[in-house]
Protein chains: 2
Amino acid sequence: MQNSDAMALFAALLAAAGDLTQRIHDGVTARGFTDLRPAHGFAFARLAPDGATVTDLAVHLGVTKQAASQLVDEIVRKGYAERRPHPEDARARLIVLTGRGWACTRAAEEAAAEVVGGWAELLGEGEVHALRERLARIAPYGPIRPAW
Amino acid sequence: MQNSDAMALFAALLAAAGDLTQRIHDGVTARGFTDLRPAHGFAFARLAPDGATVTDLAVHLGVTKQAASQLVDEIVRKGYAERRPHPEDARARLIVLTGRGWACTRAAEEAAAEVVGGWAELLGEGEVHALRERLARIAPYGPIRPAW
DNA sequence: CGATTTGGTCAAGCAGCTTGACCATGTAGT
DNA sequence: ACTACATGGTCAAGCTGCTTGACCAAATCG
């Protein structure tokens with residue numbers, strides 16, 4: 001394994017991740033959600049299952065809770081989520097997706113499936129699945145962060 | 001291929017790309033280059049072969065030429081590159097790496113090789129190579145861009 | 001040659017993040 | 001139970017890295 005091979009792998013990873021991000025974002029925009037940026041999508045992913053607190057979101061996104069709070073302000077203002085009192089902690093607030101937030105989440109999933117479907121035509125379904133499985137083995141869980 | 005599988009692949013890609021970026025950056029820092037951010041490394045990659053103009057860099061990084069020019073100001077000020085008159089165009093300036101810039105580039109390659117070496121222990125050399133090859137087939141060339 | 005394009009810089013403005021201070025609620029120690 | 005501290009959240013101010021807009025000098029095209 002030469003050093004330059006490692007850099008080539010790095011470049012390919014960045015290109016694939018950046019391309020997929022861009023194309024999902026384009027797909028979401030094309031489905032009518034024109035007032036969002038990719039960062040919002042990563043917030044939705046954390047909110048989707050059962051909601052989350054601002055602090056949860058901040059950890060997930062790798063930013064301060066003030067920054068996460070601003071982002072929540074924005075998606076609430078735009079009608080994608082709402083702040084509710086937290087059922088178990090009067091200090092906290094539970095941020096949950098609205099119907100519009102769920103619709104956008106589904107749009108992102110569709111867009112992602114479209115792009116990945118194109119990859120499957122290039123590589124075959126099995127190869128794409130293998131790709132996912134191998135990436136999962138080398139990639140630690142942790143805060144989502146920009147590629148740089 | 002379920003929609004959620006596509007999102008899982010997306011998450012794995014982002015995690016791998018972000019993790020590799022972070023660990024290369026850490027490695028570069030550990031080797032003594034403490035005044036750089038990952039974005040500078042992507043500039044170095046474009047400058048390394050034979051130098052480049054500010055406009056070349058801007059296209060490569062996907063930003064305006066003003067932003068690229070600022071970034072060049074910074075790496076020049078810190079001694080990693082220098083502006084020279086362009087041999088074939090008196091309007092342009094050729095940005096080339098200094099010795100320090102090359103040393104940093106080698107440090108990044110070493111750091112990348114270290115991380116990818118760790119991946120090879122997990123997956124095997126062949127699998128890592130296959131990963132690179134498959135990513136290369138689905139990832140278009142284009143401007144480097146943050147994962148979101 | 002004049003007209004337009006291209007490489008680069010200067011200047012101003014802004015979006016999204018940070019740090020710092022603060023309040024309300026929860027949790028632990030004695 | 002009362003004090004002390006930790007935790008969730010917001011407000012305010014500031015900074016960094018980017019953008020848009022205007023401009024100049026050199027190259028290219030008619």
Side-chain angles (χ1 to χ4, degrees), chain A residues 18 21-22 25 29 34-44 46-47 50-78 80-96 143-148, chain B residues 18 21-22 25 29 34-44 46-47 50-78 80-96 143-148:
Chain A
T21 301
Q22 182 64 49
H25 182 246
T29 300
T34 57
D35 56 356
L36 295 174
R37 285 169 299 107
H40 299 122
F42 295 101
F44 287 13
R46 182 67 183 79
L47 297 178
D50 298 296
T53 65
V54 164
T55 299
D56 290 337
L57 253 187
V59 170
H60 179 246
L61 298 176
V63 298
T64 61
K65 54 188 182 175
Q66 291 93 325
S69 189
Q70 278 183 217
L71 197 143
V72 169
D73 285 343
E74 191 182 345
I75 63 180
V76 166
R77 180 165 40 81
K78 292 178 177 170
Y80 293 98
E82 54 187 23
R83 290 182 215 252
R84 293 190 181 165
H86 194 289
E88 291 158 9
D89 188 336
R91 295 170 302 174
R93 290 157 164 257
L94 193 63
I95 320 295
V96 296
I144 300 273
R145 57 169 91 79
W148 82 78
Chain B
T21 300
Q22 182 64 48
H25 182 245
T29 300
T34 56
D35 55 357
L36 295 175
R37 286 168 299 106
H40 299 121
F42 295 101
F44 287 14
R46 182 67 183 78
L47 298 177
D50 298 297
T53 65
V54 165
T55 299
D56 289 339
L57 253 187
V59 171
H60 180 247
L61 298 177
V63 297
T64 61
K65 53 189 183 175
Q66 292 92 323
S69 189
Q70 277 183 219
L71 196 143
V72 169
D73 286 344
E74 191 182 345
I75 62 180
V76 165
R77 180 165 40 82
K78 291 179 176 170
Y80 292 97
E82 54 188 24
R83 290 182 215 252
R84 293 190 182 166
H86 194 288
E88 290 157 9
D89 188 336
R91 295 170 303 176
R93 291 158 163 254
L94 193 63
I95 320 296
V96 296
I144 301 275
R145 55 169 94 79
W148 84 75

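Here is how names work: the chains are called A, B, and so on, in the same order as the sequence lines, proteins then strands, and each is numbered from 1.
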Under 4.0 angstrom between [X] side-chain N/O and [N] OP1 or OP2:
X	N	result
Arg37(B)	dT16(D)	no
Ser69(B)	dG8(C)	no
Thr64(A)	dC17(C)	no
Arg83(A)	dT10(D)	yes
Arg91(A)	dT10(D)	no
Thr53(A)	dG8(D)	no

Side chain of Val63(B) only, heavy atoms from C-beta on: which candidate in dG8(D), dG17(D), dT19(D) is closest? dT19(D)
Taking dG9(D), dC17(C), dT25(C) as options, the one with an atom nearest any side-chain atom of Arg93(A) is dG9(D)
Round to the nearest Å and state the distance from [X] atom [atom1] to [N] atom [atom2].
X	N	atom1	atom2	result
Glu88(B)	dA26(D)	CD	P	17 Å
His40(B)	dG17(D)	NE2	P	7 Å
Glu74(A)	dA15(C)	CD	C1'	10 Å
Arg77(B)	dT16(D)	CZ	P	11 Å
Lys65(B)	dC23(D)	NZ	P	15 Å

Could you state the interatomic distance from CG (Leu47(B)) to CD1 (Ile75(B)), rounded to the nearest 0.5 Å? 5.5 Å
Using only heavy-atom distances, decide whether a donor-acceptor pair under 3.5 angstrom links the side-chain of Gln66(A) to the base of dG20(C). yes
Closest to the 5' end of DNA chain C, once Thr55(B) and Gln70(B) are matched to their nearest nucleotides, is Thr55(B)
Taking for Leu94(A) and for Gly62(B) the nucleotide of DNA chain D with the nearest heavy atom, the one nearer the 5' end belongs to Leu94(A)
With the threshold set at 4.0 Å, does a side-chain nitrogen-carboxylate oxygen contact exist between Arg37(B) and Glu74(B)? yes
